[in-house]
Amino acid sequence: MLDQRLLRDDPELIRRQLSRRGLEVDLTGLQQIACQERDLEEQRSALQAEGNRIGREVGQRIQAGARPDGPEVAELREQGNRIKQQVAGLEEEEKALESRLRHQLLELPNLPSAQTPDGRSEADNVVVKTWGTPRQGPHPDGSPLQEHWQIAERLGLVDTERSVRIAQSRFVTLLGQGARLERALINFMLDRHNTAGYREVMPPILVNTASLTASGQLPKFAEESFRCAEDDLWLTPTAEVPLTSLHRDEVIPAEQLPLRYAAYTPCFRREAGSYGRDTRGLIRLHQFNKVEMYWFTRPEDSQAAHEQLTRDAEGVLEALELPYRRIELCSGDLGFSAARTYDLEVWLAGAGAYREISSCSTCADFQARRAAIRFRDGKKTRLVHTLNGSGLAIGRTMAALLEHGQQDDGCVRLPPSLIPYFGADRLTGAA
RNA sequence: GGAGAGGUGGCCGAGUGGUCGAAGGCGCAGCACUGGAAAUGCUGUAUAGGGGCAACUCUAUCGAGGGUUCGAAUCCCUCCCUCUCCGCCA
């Protein structure tokens with residue numbers, strides 16, 4: 001959420017920054033509401049001060065011997081009642097304005113950071129670096145490299161047809177070595193992050209409306225999440241949601257910062273409006289597994305933290321020997337809560353394309369303001385900065401491993417770092 | 001699901017209509033004392049919003065929301081949460 005004071009003082013700055021996202025908004029109305037609300041508050045609190053004074057005086061007179069039902073007390077009562085009515089009227093107006101203001105502010109995305117490059121769409125994103133050598137087909141025997149879903153089905157790692165029976169399309173059932181590899185990847189990543197100093201978290205994956213609002217999924221993107229209608233609970237679309245709310249409404253002691261967490265959770269997304277896209281395989285599912293990293297930092301540390309967070313995600317890809325590149329998102333392609341984002345794209349050898357596997361963002365104080373997460377800075381409290389990054393999306397990691405490690409004898413070789421977790425150096429489809 | 005108890009400041013805990021943002025204690029910070037520390041003493045120590053360059057000041061907040069009253073932590077209503085016991089259950 002954007003700062004109300006900034007809205008009152010410099011709406012032009014907000015307008016300019018939002019237009020970098022391709023969002024043209026007229027903020028004059030909103031600014032007026034904000035100022036009007038502040039004026040009302042001033043009037044109201046002055047009246048309340050007067051009312052408090054009268055209340056005190058009644059008490060004093062009665063204690064000094066005045067009769068509670070005498071004329072002088074009755075006069076004060078009369079005044080008190082008048083003020084009470086006026087206050088009630090002002091309060092009502094104020095509440096109405098406040099709620100309008102809040103609702104509209106909750107709909108506005110974060111301001112892009114000064115470092116974020118300008119641009120209108122995905123096409124304007126910037127390749128920051130590439131790592132590793134993308135494997136190009138075909139196999140030595142001349143047969144083309146396969147896509148991960150072909151390999152997965154051939155080796156019996158997944159069962160798509162039966163998944164529809166159990167749930168719907170866009171769900172997957174992992175079997176045998178497929179299930180085992182998924183589990184190995186989760187453990188591998190969590191252990192890695194643990195060693196790097198992230199505290200492991202296993203949060204609830206049903207989250208309430210306040211949590212989704214705090215991290216920015218609500219109110220604007222309600223159609224993206226699955227909802228349990230009878231319970232004010234939603235299936236979390238990412239561990240970012242419970243991790244943000246882990247410290248919602250808290251004041252964190254400054255010496256505890258930065259706080260770093262890593263959580264594995266299943267993630268649930270309705271993927272509304274993506275009909276026909278990525279219909280095969282593990283790329284786009286209603287339910288997928290992900291290990292998420294999350295930082296709470298002092299504002300002055302968040303930029304360095306963003307680099308470190310991204311490096312930590314890259315470290316997972318490097319340990320798995322998967323070629324990737326780092327993309328910096330342009331202002332027009334930023335997610336709702338992000339001020340600045342690096343996407344990591346892994347090379348899918350069979351598809352012959354880079355595919356997003358991690359998104360590492362700093363949200364500056366945007367989520368912290370929604371979630372009221374502060375830290376103590378001397379005498380004052382200030383908003384923290386929050387950062388999140390996938391480390392990594394498990395299904396997409398498996399896809400990349402299958403495509404990257406496929407051999408012409410039909411099996412899939414795994415990187416050495418994964419062998420202790422998986423218990424074998426290759427997938428053969430036996431078991 | 002049934003029965004009971006309870007939600008007060010960073011923590012413990014007092015407070016059943018009047019000047020209470022709230023006694024007392026703990027903790028924390030500063031100062032004094034000390035060679036240094038402990039102990040002791042003194043002082044200070046909530047959050048949010050508004051006004052002011054500032055000192056400071058106004059308003060709100062005792063789980064949340066509503067009500068009664070000139071005045072509510074205290075009385076009334078609704079809701080939420082926590083704990084204990086019973087039942088059920090991975």
Side-chain angles (χ1 to χ4, degrees), chain A residues 1-10 30-103 105-106 202-211 213-214 228 230-234 242 245-257 259 266 296 365 367-384:
Chain A
M1 192 159 61
L2 302 175
D3 189 2
Q4 291 192 27
R5 188 170 298 182
L6 185 64
L7 173 66
R8 288 198 304 258
D9 295 347
D10 196 355
L30 202 55
Q31 187 210 12
Q32 255 172 32
I33 294 176
C35 293
Q36 220 176 323
E37 194 220 329
R38 198 243 336 252
D39 294 346
L40 277 176
E41 181 181 340
E42 260 174 69
Q43 285 180 46
R44 192 213 68 219
S45 60
L47 265 175
Q48 280 174 320
E50 176 63 9
N52 287 343
R53 193 193 60 75
I54 290 171
R56 248 176 274 131
E57 198 176 326
V58 173
Q60 278 164 3
R61 299 235 180 143
I62 290 173
Q63 277 180 346
R67 290 185 43 186
D69 52 356
E72 55 174 334
V73 170
E75 166 67 19
L76 286 170
R77 269 190 193 155
E78 172 74 16
Q79 282 180 34
N81 273 325
R82 259 201 312 271
I83 287 174
K84 193 160 65 165
Q85 274 181 7
Q86 290 175 39
V87 167
L90 288 174
E91 253 176 354
E92 203 176 321
E93 268 185 79
E94 203 181 324
K95 269 191 186 163
L97 286 177
E98 202 182 322
S99 129
R100 266 174 72 192
L101 182 63
R102 183 176 162 76
H103 280 95
L105 277 176
L106 283 175
M202 198 168 279
I205 52 183
L206 294 189
V207 297
N208 57 35
T209 298
S211 294
T213 306
C228 308
E230 305 193 351
D231 296 296
D232 183 34
L233 286 170
W234 307 65
S245 284
L246 189 61
H247 289 294
R248 177 148 50 85
D249 295 317
E250 285 186 25
V251 178
I252 301 169
E255 65 273 15
Q256 286 181 17
L257 296 175
L259 283 169
F296 298 85
D365 62 10
Q367 291 180 325
R369 186 172 294 107
R370 289 175 161 245
I373 306 168
R374 293 140 295 161
F375 70 100
R376 189 161 299 287
D377 189 22
K379 198 112 171 72
K380 289 199 177 295
T381 60
R382 288 164 67 201
L383 295 171
V384 299

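All heavy atoms count here, side chains included; hydrogens, waters and symmetry mates do not. Residue numbers begin at 1 in each chain, while the letters A, B, ... track the order of the sequences.
Side chain of A:S45 to backbone of A:E41: a donor-acceptor contact under 3.5 angstrom is found. Without hydrogens or angle criteria, A:R369 side chain to A:M1 main chain gives a donor-acceptor distance under 3.5 Å. Using a distance-only test at 3.5 Å, with no hydrogens or angles considered, no donor-acceptor pair links the side chain of A:E94 to the main chain of A:E37. Under the 3.5 Å distance criterion, the side-chain polar atoms of A:N208 are matched with a main-chain donor or acceptor of A:S211.
Taking atom C1' in both B:U16 and B:C76, the straight-line distance is 14 Å, to the nearest Å. One P atom belongs to B:A14, the other to B:C79, and the distance between them is 28 Å to the nearest Å. Using C1' as the reference atom, B:U57 and B:C80 are 36 Å apart when rounded to the nearest Å. On the P atoms, B:A5 is 22 Å away from B:A64, given to the nearest whole Å. If you take atom P in B:U78 and the same atom in B:G41, they sit 49 Å apart, rounded to whole Å. For the C1' atoms, the distance from B:G44 to B:A38 is 22 Å, rounded to whole Å. B:U82 and B:C75 have their C1' atoms separated by 25 Å, with the value rounded to a whole Å. To the nearest whole angstrom, the two P atoms, one in B:G6 and one in B:U59, are 34 Å apart.
Within the structure, a side-chain polar atom (N or O) of A:R38 is placed less than 4.0 Å from OP1 or OP2 of B:G51. Contact annotation: A:R82 side-chain N/O to B:C70 OP1/OP2 distance is not under 4.0 Å. The shortest distance between the side-chain N/O atoms of A:N81 and the OP1/OP2 oxygens of B:G71 is not below 4.0 Å. OP1 or OP2 of B:U47 has at least one side-chain nitrogen or oxygen of A:R376 nearer than 4.0 Å. An OP1 or OP2 oxygen of B:G71 is reached within less than 4.0 angstrom by no side-chain nitrogen or oxygen of A:N52. Of the side-chain N and O atoms in A:R44, none sit less than 4.0 angstrom from OP1 or OP2 of B:G50. An OP1 or OP2 oxygen of B:A48 is reached within less than 4.0 angstrom by a side-chain nitrogen or oxygen of A:T381.
Computed from coordinates, the A:E75 CD to B:G71 C1' distance equals 17 Å when rounded to whole Å. With rounding to whole Å, A:R374 atom CZ is found 7 Å from B:U47 atom C1'. Between A:E37 atom CD and B:A60 atom C1' the separation is 13 Å, expressed in whole Å. If you take CD1 of A:I54 and P of B:C58, they are 16 Å apart, rounded to a whole angstrom.
Among the protein residues, A:R8 comes within range of the sugar-phosphate backbone only, with heavy atoms under 4.0 Å from sugar or phosphate atoms but none that close to a base. Residue contacts shown for A:E78 are absent, as no nucleic acid heavy atom lies under 4.0 Å away. When heavy atoms are screened at a 4.0 angstrom cut-off, A:Q79 is found touching no nucleic acid atom at all. As judged by a 4.0 angstrom heavy-atom cut-off over every strand, A:I62 is placed among the base-contacting residues.
Rounding to the nearest 0.5 Å gives a distance of 14.5 Å between CZ of A:F375 and CD of A:E250.
Both A:E42 and A:R56 sit near RNA chain B, but only A:R56 has its closest nucleotide nearer the 5' end. Residues A:Q48 and A:Q63 both approach RNA chain B. Their nearest nucleotides, taken by heavy-atom distance, put A:Q63 toward the 5′ side.
By the neighbour-count criterion of 12 heavy atoms within 6.0 Å, atom CZ of A:R100 is sparsely surrounded, having that number or fewer from other residues, nucleotides or ligands. Other residues, nucleotides and ligands contribute only 12 or fewer heavy atoms inside 6.0 Å of the CZ atom of A:R102.
Residues A:F296 and A:L257 are in side-chain contact: their nearest non-hydrogen atoms beyond the backbone lie under 4.5 Å apart. A heavy-atom distance below 4.5 Å is found between the side chains of A:R370 and A:L106.
In this structure, the nucleotide among B:C58, B:G50, B:U47 sitting nearest to the side chain of A:S45 is B:C58. Closest to the A:A49 side chain, of the nucleotides B:C70, B:U19, B:U59, is B:U59. Distances were taken from every side-chain heavy atom of A:K84 (C-beta onward) to each of B:C70, B:U47, B:C58; the shortest belongs to B:C70.
For the residue pair A:R82/A:Q86, the side-chain donor-acceptor check at 3.5 Å is not satisfied.
Across all strands shown, B:G65 forms a Watson-Crick or G-U wobble pair, both distances under 3.5 Å, with B:C77. Taking a pair to require two hydrogen-bonding distances under 3.5 Å in either a Watson-Crick or a G-U wobble arrangement, B:A48 pairs with B:U59. Across every strand in view, B:C89 sits unpaired, with no contact that passes the Watson-Crick or G-U test at under 3.5 angstrom. B:G4 is paired with B:C83 under the criterion used here, namely a Watson-Crick or G-U wobble arrangement in which both key atom distances are under 3.5 Å.
Residues from residues 88-101 of chain A with heavy atoms under 4.0 angstrom of RNA chain B, sorted by number: A:K95. Interface residues of residues 248-255 of chain A facing RNA chain B, ordered by number: none; criterion, heavy-atom separation under 4.0 Å.
The shortest heavy-atom contact between A:A371 and A:A214 is CB-CB, 3.7 Å.
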Worksheet item: Are A:R44 and A:Q48 close enough, and set up right, to give a side chain to side chain donor-acceptor pair (under 3.5 Å), and what steps lead you there?
Response: CA-CA 6 Å; A:R44 192 213 68 219; A:Q48 280 174 320; 3.0 Å; yes
